[in-house]
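What follows is a short report on a single structure.
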Amino acid sequence: MNLKEEPLLFELSSPGRVGASLPLCDVPAAPVPPELARDGLALPELDELGVVRHFTRLSQKNFSIDTQFYPLGSCTMKYNPKVNEQAASLPGWRNAHPLSGEEFNQGALELIHSLQEQLCEIGGFAAGSLQPAAGAQGELAGVLVMRAYHESRGDSKRRLVLVPDSAHGTNPATCTMAGYQAKTIPSDAEGGVDMAALAAALDETVAGIMITNPNTLGLFDRNIEAISRAVHGAGGLVYGDGANMNALAGVLRPAEVGIDVMHYNLHKTFSTPHGGGGPGAGFVGVRADLAGFLPGPIVARAEGAYALLMPARSIGRMKSFYGNFGILVRAYVYLRMLGAPGLRRVAETAVLNANYLKCLVEGAYKVKYPRRCMHEFVAQGDLAEGVHTLDVAKRLIDYGFHPPTIYFPLIVPEALMIEPTETESKETLDEFAAVLIRIAVEARERPELLHAAPTTTPVGRLDEVAAARNPTLCYRS
Ligand SMILES: *Cc1c(COP(=O)(O)O)cnc(C)c1O
């Protein structure tokens, strides 16, 4: 490991140096109560410039979408317009207190109500809830709705949920958390759901299917209507994982192809920065006869005012108060800025960008399912003997690019899952493709460059397993 260590604040300290200037004391000095006294604490002593430079340097060591391209497949690391941030930090929103009561929070409730309606319209759903705090929590809400639906009909023998083998890991985990058993359905040669395997799995023990379309291979499953018909025919419901709505919003309403319940990740499709792992928001939308089961409260309009309402047979709360409200403001602004035609262009451009990039690199990289992709595609990084996807990913860092998602989806060996998003320019895509092609040449001619990468970062190749298992969380001088 080649650690180019940044000194810690403690190590920059020099006795007597001060970075703050306080006004002269104009009240009588009082002794600090002994229980509050902290004499002898080894605090760093620095001047203001030293502190500013230290933290500014540290901030620049982080990778960010504000500085570089971030093609992390399945995550939609799109540009998040700064106007969203401005809107979310308006004092009226920022200082709103959830305990101040509905009558004083009418503006916030109106925003949530309008956002619920826009998101319902985008998916073709009759009703929706903004309670869930993330995609995975939206999934849990949706599958609990599915469960409540079957129970309300006295249908208690259904215990399986079908999950295609290309699914995100949260899908089978959600099934388990909701008290179901996940049953894997293989993909066919086209990368879609294997229809024969689906037919064979369907019976009266199946509660439904969780399907992602476009799936995590970035491929649109053309059999989606036949899949919905088959599942409905067996008495099951169709859950749509909407993490890939970036490819569909404004183009296709999932409810129209038979999706009964679906979540979207507002922090992926509807623009919120999420590189650090949160916060997020997961809208869940449903068809009309499932509306009563939605998690609540949701916002309703009655007698000229907005009010919080618990749906009649609600699965309950997922989150305190109004959910992650700041994220809802960002999604609202994003949608209002784009309008319906703008949203459609987002999806079209996301698909165009992914196909453009795929065409540029598919001569140098294998693509297991080479048909036209949607908003992302999955290439393979086994470029030469002894060279793996991990090496390609680390070498990209040397060239100033964030690596794509790697080793996912699991059904593609050595997967490199690339999602350019609609917000990147042709110049950036050309530059990224040129670097990928250059790395493919290096893999054959100078593989040691790939194995040593990254060499331009503060920390080199890490033992990621040890880093996760034995984290060093405390400073020891
Ligand atoms: C990101 C993602 C999820 C989980 O969403 P979170 O917001 O991270 O909880 C589920 N499914 C797919 C396909 C995803 O890409």
Side-chain angles (χ1 to χ4, degrees), residues 70-78 80 119 123 129-144 161-178 182 184-185 187 191-193 209-221 224 238-249 254 259 261-285 295 318-319 323-324 326-328 330-331 350 354 373-378 404-412 415-421:
Y70 209 139
L72 201 60
S74 198
C75 293
T76 313
M77 302 300 291
K78 65 166 83 182
N80 306 284
L119 295 173
S129 169
L130 284 161
Q131 272 269 307
Q137 219 192 11
E139 289 175 33
L140 180 61
V143 176
L144 289 174
V161 174
L162 309 181
V163 182
D165 61 1
S166 59
H168 194 271
T170 49
N171 290 186
T174 292
C175 298
T176 307
M177 281 195 73
T184 306
I185 302 296
S187 300
V193 169
I209 189 169
M210 288 188 91
I211 188 160
T212 313
N213 196 21
N215 63 22
T216 63
L217 297 162
L219 300 173
F220 187 80
D221 198 320
I224 183 64
V238 181
Y239 181 92
D241 177 328
N244 291 339
M245 275 303 279
N246 215 38
L248 294 187
I259 307 290
V261 197
M262 184 172 202
H263 84 268
Y264 322 137
N265 309 54
L266 299 198
H267 47 288
K268 291 180 184 175
T269 308
F270 302 104
S271 94
T272 276
H274 56 288
F283 170 81
V284 56
M318 304 295 293
K319 185 86 176 70
N324 274 335
I327 307 307
L328 310 187
R330 290 170 173 87
C373 66
M374 294 292 281
H375 63 305
E376 61 191 356
F377 66 99
V378 182
T405 298
I406 57 173
Y407 299 107
F408 177 78
L410 305 176
I411 56 173
V412 177
L416 267 174
M417 187 194 203
I418 302 172
E419 178 176 4
T421 78

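Given the structure is predicted, the values throughout are model-derived calculations rather than measurements. Numbering of ligands and ligand atoms starts at 1, following listing order.
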Closest non-hydrogen protein atom to atom 15 (O) of ligand 1, residue and atom name please, with distance? Ser74 OG, 2.5 Å
Could you check whether any side-chain heavy atom of Glu139 comes within less than 4.5 Å of a side-chain heavy atom of Asp241, counting everything from C-beta outward? yes
Side chains of Ser74 and Glu419: is there a donor and an acceptor less than 3.5 Å apart? no
Heavy-atom distance under 4.5 Å between the side chains of Met374 and Asn244, does that happen here? no
Closest non-hydrogen protein atom to atom 5 (O) of ligand 1, residue and atom name please, with distance? Asn265 ND2, 2.9 Å
Taking distance alone, with N or O pairs closer than 3.5 Å, would you say Thr216 contacts ligand 1? no
Nearest-0.5 Å distance, CD1 of residue Ile418 to NE2 of residue His375: 13.0 Å
Are a donor atom and an acceptor atom from the side chains of Thr184 and Asp165 found within less than 3.5 Å of each other? no
Aromatic plane relationship, Phe408 with His168 - under 30° parallel, 30 to 60° tilted, over 60° perpendicular: perpendicular
Residue, atom and distance of the protein heavy atom nearest atom 11 (N) of ligand 1 read Asp241 OD2, 2.6 Å
Measure the shortest side-chain to side-chain distance between Met210 and Cys175 over non-hydrogen atoms and say whether it is less than 4.5 angstrom. yes
Using a 4.0 Å cutoff against the non-hydrogen atoms of Lys268, which atoms of ligand 1 qualify? 1 (C), 2 (C), 3 (C), 5 (O), 14 (C), 15 (O)
Output the list of atoms in ligand 1 that are nearer than 4.0 Å to some heavy atom of Ala136, sorted by atom number. 4 (C), 5 (O), 6 (P), 9 (O)
Atoms of ligand 1 under 4.0 Å from any heavy atom of Glu139, numbered from 1 in the order shown, are 10 (C), 11 (N)
Please state which part of Ala243 comes within less than 4.0 Å of ligand 1, counting heavy atoms only: side chain, backbone, both or neither. side chain
Among all protein non-hydrogen atoms, which one is nearest to atom 6 (P) of ligand 1, and what is the separation to 0.1 Å? Gly135 N, 3.5 Å
With a 4.0 Å cut-off on heavy atoms, is Gln137 touching ligand 1? no
